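By convention here, the first residue in the shown sequence is residue 1. All heavy atoms count here, side chains included; hydrogens, waters and symmetry mates do not. Given the structure is predicted, the values throughout are model-derived calculations rather than measurements.
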Amino acid sequence: MLIIAVSNLSYTFPGAVQPVFTNLNFSVDSDARIGLVGPNGCGKTTLLQILAGKISGFCGQLTGKTALRIATLSQETGERVSQSVFAFIRPQIANLRKEIDRLEKSCDSDAAAMKLAGFYNDFSACDGFNVEADIARLFSEFSLPQEFLWRPLESLSGGEKNRVGLVRLLLDKPDLLLLDEPTNHLDVEALEWLESYLRNLKIPWLVVSHDRRFLDNCCETVWELKNGSLSEYGGNYSFYRLAKEQAHARKVLAAEIADRHIERLQKAAEKQRNDANRMENFKPKRDRTKKGGICKRDEGSAKALLRTQNKQRAATAMEQRLQRLVDKAQAEKPFIEKTRSISFPEKILKNSCVLRVEGLSKSYGSLSLFADFSLTLLNGERLAIVGPNGSGKSTLMRMLAGFEAADSGQISWAPEAVTGYHAQEFEQLDFSSTVLDHVLAGDHAAQTRARTILGCLKLEREKVDQQIATLSVGERSKTALARLLFMAPDVLLLDEPTNHLEIDAREALEEALADFAGTVVFVSHDRHFVEKISTRQIVLPGV
């Protein structure tokens, strides 16, 4: 059954000149499991907001089934930080529960008992008991402690806020789910649960994600939004990539055949024109009568004149046909992106052991993240630190980078080892600087290399001269990574480096790390990234 049908959808931001996208045509059925992919800034979030009715002023036609209920999970879940988690999920029920709990503790009069009974009636009328049961079930499935309900939303981590947003969304029981990067900050356990939930969900959904494994595990259709147009591919992400590569290969082959055909036709057209010009230059001289006609003795040369004219016309017709073929081939010629790679200076660190960690412990109050933790890291290793949210992965990375002190234990780097640290919150970024100036950090002689790194990470040419403060979160992440890759230290410490990166940029980072001769320690929930990059993994079990 058709849920939504869209035809000739176009949208331009107010005050902008270039449209975000033009003439999109698509539909969503009742059994849809759609993954929406595309580079940062191509309009994926804008498209979701149009479908959800949050953006107007578009051109085209959008029709949906009667009384269609759409629930949307945005990237900014948790902005209303002053609320408790319960109030964020269900404000009315949370307020009633708070009053009920307060009165139950101090119900020492008939009036208070009557008031409590009234609150219970209101609570029941709002289906509060069933909602609380559903919240408890979803909290358990998302590994969220029940005591989180009364914690301020601002006290939760990014991953925890994301999961709370999903709980609120799933309670709405909508006709269509629109999920904008729900996999950001989710640990592997939560990712696998979400995949399983979406696979078994009885309602259609459309998800924006850059997580390739996630798209592989639960999507049945992939939409690609790029350069203002939408392409649809059947199957999961792997099928999409294969189909796209095959289609591109067919276009390249067709272009090569067309080029060879044009080359042959050009030679034939040149010969035709040369023959016509030769006949024109050497046509026989004709004497004319007083009345302008051809003398009788030269009447035979009229046939030669006609042959010359026909030859000129044939040459012109062939040239016109050739031009049409050239124009068609140019319009259909596939775009072949220039192959660029990030190069690193030759590493000179000779130590076989880069890092020793002995007896490391860290606690926050009564919360112990790890105790008596030890680690030996060899030169050239790619170590992935994995574990659930809250297990101390980022804390350990900050301690290795020297930004946080241990309670006890020893961290010993090789004497000449130079480390570079990429933090989730972009702590090293100078927001008043331009992108290029931040990456160069005064080394203006290396502009070519800096621009190559930025280009590989898909930061467009016009972005490199912008202030970092004006960039999107994804563009800031790319800037921080570009600076680190440009420095090329002996050891890269990367905390969630793929967060906010589109797939092309993730693949460019993977290629860069594969060519990096130094040592890499990283935290990531991107399972594809972990499997491709890591040579060893350690698991922090959590608390």
Taking atom [atom1] of [X] and atom [atom2] of [Y], what is their separation to the nearest 0.5 Å?
X: S477; Y: L429; atom1: OG; atom2: CG; answer: 9.0 Å
X: R483; Y: I468; atom1: CZ; atom2: CD1; answer: 11.0 Å
X: S394; Y: N389; atom1: OG; atom2: CG; answer: 8.5 Å
X: S231; Y: K244; atom1: OG; atom2: NZ; answer: 8.0 Å
X: Y11; Y: T22; atom1: OH; atom2: OG1; answer: 14.5 Å
X: L494; Y: M397; atom1: CG; atom2: CE; answer: 6.0 Å

Any non-hydrogen side-chain atom of [X] less than 4.5 Å from a side-chain atom of [Y]?
X: E496; Y: S524; answer: yes
X: W193; Y: L166; answer: no
X: L369; Y: L540; answer: no
X: V20; Y: L47; answer: no
X: R506; Y: H528; answer: no
X: L176; Y: P204; answer: yes
X: D211; Y: R527; answer: yes
X: K532; Y: L513; answer: no

Would you say that more than 12 heavy atoms from the other residues, nucleotides or ligands in this model lie under 6.0 Å from the [atom1] of [X], or not?
X: E245; atom1: CD; answer: yes
X: D515; atom1: CG; answer: yes
X: F239; atom1: CZ; answer: no
X: E189; atom1: CD; answer: no

Assess whether a salt bridge exists between D526 and R212, defined as any Lys/Arg side-chain N lying under 4.0 Å from an Asp/Glu carboxylate O.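 Yes, this pair counts.
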Taking K478 first and then E502, would you say they form a salt bridge - that is, a charged N and a carboxylate O separated by under 4.0 Å?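 Yes.
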Keeping the roles fixed (side chain from [X], backbone from [Y]), state whether a donor-acceptor pair exists under 3.5 Å.
X: D495; Y: L493; value: no
X: T419; Y: A401; value: no
X: R90; Y: F88; value: no
X: R382; Y: V520; value: no
X: K393; Y: G387; value: yes
X: S196; Y: E192; value: no
X: K44; Y: G38; value: yes
X: S140; Y: A136; value: no
X: T221; Y: G234; value: no
X: R199; Y: N217; value: yes

Should the pair Y233 and Y240 be assigned to parallel (<30°), tilted (30 to 60°) or perpendicular (>60°) ring geometry?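 Because their plane-to-plane angle is over 60°, the rings of Y233 and Y240 count as perpendicular.
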Parallel under 30°, tilted from 30 to 60°, perpendicular over 60°: which one fits the rings of F529 and F522?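 Perpendicular: the ring planes of F529 and F522 meet at over 60°.
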Could you list the donor-acceptor pairs under 3.5 angstrom formed by side chains in residues 28-35, with sequence neighbours left out?
residue : atom : partner : partner atom : Å
S30     : OG   : M1      : N            : 3.2
R33     : NH1  : I203    : O            : 3.2
R33     : NH2  : L201    : O            : 2.0

Which residue pairs satisfy the side chain to side chain donor-acceptor pair (under 3.5 Å) criterion with at least one member in residues 253-264, sequence neighbours excluded?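 As it turns out, the side chain to side chain donor-acceptor pair (under 3.5 Å) pairs with a partner in residues 253-264, which skip direct neighbours, are D259-K333.
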Start with the C-alpha distance between E224 and R241, add both sets of side-chain angles, then the distance that settles salt bridge (Lys or Arg N to Asp or Glu O under 4.0 Å), and finish with yes or no. CA-CA 10 Å; E224 182 188 53; R241 285 298 295 263; over 6 Å; no
Can you give me the closest heavy-atom contact between [X] and [Y], atom names plus distance?
X: N23; Y: S10; answer: N-OG, 2.9 Å
X: S27; Y: L2; answer: CB-CD1, 3.6 Å
X: L169; Y: A71; answer: CD1-CB, 3.0 Å
X: L215; Y: S209; answer: CD1-O, 3.6 Å
X: K463; Y: L471; answer: CD-CD2, 4.3 Å
X: A450; Y: L440; answer: CB-CD2, 3.7 Å

Report the C-alpha separation of F148 and F139 in whole Å, then their side-chain angles, then the decisive distance to 0.1 Å, and conclude whether the ring-ring contact (aromatic ring centres under 6.0 Å, His included) test is met. CA-CA 9 Å; F148 272 27; F139 264 44; 7.3 Å; no
Which residue, T72, T45, V207, forms the side-chain contact (heavy atoms from CB on, under 4.5 Å) with L178?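 It is T72; the other options fail the test.
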Out of the candidates D172, L206, I4, D175, only one should pair with I70 under the side-chain contact (heavy atoms from CB on, under 4.5 Å) rule; please name it.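 It is I4; the other options fail the test.
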Can you list the steps and then say if D490 with V354 is a side chain to side chain contact (heavy atoms under 4.5 Å, CB included)? CA-CA 9 Å; D490 302 301; V354 175; over 6 Å; no
Could you go step by step and tell me if H500 and N40 meet the side chain to side chain donor-acceptor pair (under 3.5 Å) rule? CA-CA 9 Å; H500 311 293; N40 288 341; over 6 Å; no
Run the numbers on L400 and V357 for side chain to side chain contact (heavy atoms under 4.5 Å, CB included), then give the verdict. CA-CA 9 Å; L400 294 179; V357 177; 4.0 Å; yes
Side chain to side chain contact (heavy atoms under 4.5 Å, CB included) evaluation trace for L198 with L179: CA-CA 11 Å; L198 291 177; L179 309 172; 4.0 Å; yes
Applying side chain to side chain contact (heavy atoms under 4.5 Å, CB included) to F370 and K362, what does each step give before you reach the verdict? CA-CA 6 Å; F370 37 78; K362 184 66 178 179; 3.7 Å; yes
Counterpart residues, ring pair (Phe, Tyr, Trp, His ring centres under 6.0 Å), relative to F486 (two or more places apart):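 For F486, no residue satisfies ring pair (Phe, Tyr, Trp, His ring centres under 6.0 Å) once neighbours in sequence are set aside.
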